[in-house]
Amino acid sequence: MDKHIIVIGFMGTGKSTVGEILAEKLACSWLDTDTEVERISEKKISHLFDEGGEAHFRLWEKKVLKQVLEQAPGVITTGGGIVLDPENVSWIRSHGWVVALDASEEELVRRLATDQSRPLLRGGAQQWVRDLKRERQGVYDFADLFLDTTESSPEEIVVKIIQRWKEIAGGSGI
Ligand code: S3P
């Protein structure tokens, strides 16, 4: 493995769950940008939003992305909004093989309805998911592999990722 496998996608699509299992199966490291932001800043993401708004969090996110991309190749999972910054997209593309996860709006609302930890969902998951998903249409399109998690378990998704990754690795030495 000489490139990261980087998992992107909207909140609630299962990135972290899938990333953790994937890293276990591939016996490699797993880093999550949200977890790293909280570890390095020593603050919860909701606290960073309260402190300086979304822009403040995005600065931390960008700094942490750069750091995790410099680590030895492994699985990297990312926050749903990391791709809003074009420079982040270009770093992600150049440092990894990119998997985008998605799910239907209905399923995302179901998964996120009781979530208290994501600042962007404050005020009601249903409306936010609908609006944000529309606003972000196309932002994950640069990925190398697209998988819909609406009706698949994380384990099934991991099998598909590994299958495709092995096919590609055979040809390009990833
Ligand atoms: C965000 C998604 C969150 C987290 C932050 C902002 C977004 O991560 O980074 O709350 O803008 O979509 P998850 O995608 O892991 O929920």
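Every value quoted in this text rests on a predicted model; they were computed, and no experiment measured them. Atom set for the values below is all heavy atoms of this structure, side chains included, hydrogens, waters and symmetry mates excluded. Indexing begins at 1, ligand by ligand and atom by atom, following the structure's order.
Residue contacts with ligand 1: F57 is placed with no nitrogen or oxygen under 3.5 Å of a nitrogen or oxygen of the ligand (distance criterion only). Any N or O atom pair closer than 3.5 Å counts here, and D34 shares at least one such pair with ligand 1. For the pair G79 and ligand 1, the shortest N or O to N or O distance does not fall below 3.5 Å.
Ligand 1 has R136 within reach: a non-hydrogen atom of the residue lies less than 4.0 Å from it. Distances from ligand 1 to the non-hydrogen atoms of R58 include at least one value under 4.0 Å.
Atoms of ligand 1 found under 4.0 Å from any heavy atom of M11, numbered from 1 in the order shown, are 2 (C), 7 (C), 12 (O), 13 (P), 14 (O), 16 (O).
Between the side chain of K15 and the backbone N or O of A100 there is no donor-acceptor pair closer than 3.5 Å.
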Does W128 form a side-chain contact (heavy atoms from CB on, under 4.5 Å) with L112? I'd like the steps, not just the answer. CA-CA 10 Å; W128 268 111; L112 296 167; over 6 Å; no
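When only non-hydrogen protein atoms are considered, atom 10 (O) of ligand 1 lies nearest to P119 CD, 3.6 Å. With respect to atom 16 (O) of ligand 1, the closest heavy atom belonging to the protein is R118 NE, 2.5 Å.
Surrounding CZ of R130 are more than 12 heavy atoms belonging to other residues, nucleotides or ligands, all under 6.0 Å away.
A salt bridge links R111 with E107: the distance from a Lys NZ or Arg NE/NH1/NH2 to an Asp or Glu carboxylate oxygen falls below 4.0 Å. Contact check on R134 versus E105 returns a salt bridge, with a Lys/Arg side-chain nitrogen under 4.0 Å from an Asp/Glu carboxylate oxygen.
In this structure, K133 and V109 have side chains that are not in contact, with every pair of non-hydrogen atoms separated by 4.5 Å or more.
The part of K15 lying near ligand 1 is the side chain, judged by heavy-atom distances below 4.0 Å.
Taken to the nearest 0.5 Å, the CG atom of L65 stands 9.0 Å off from the CG atom of D85.
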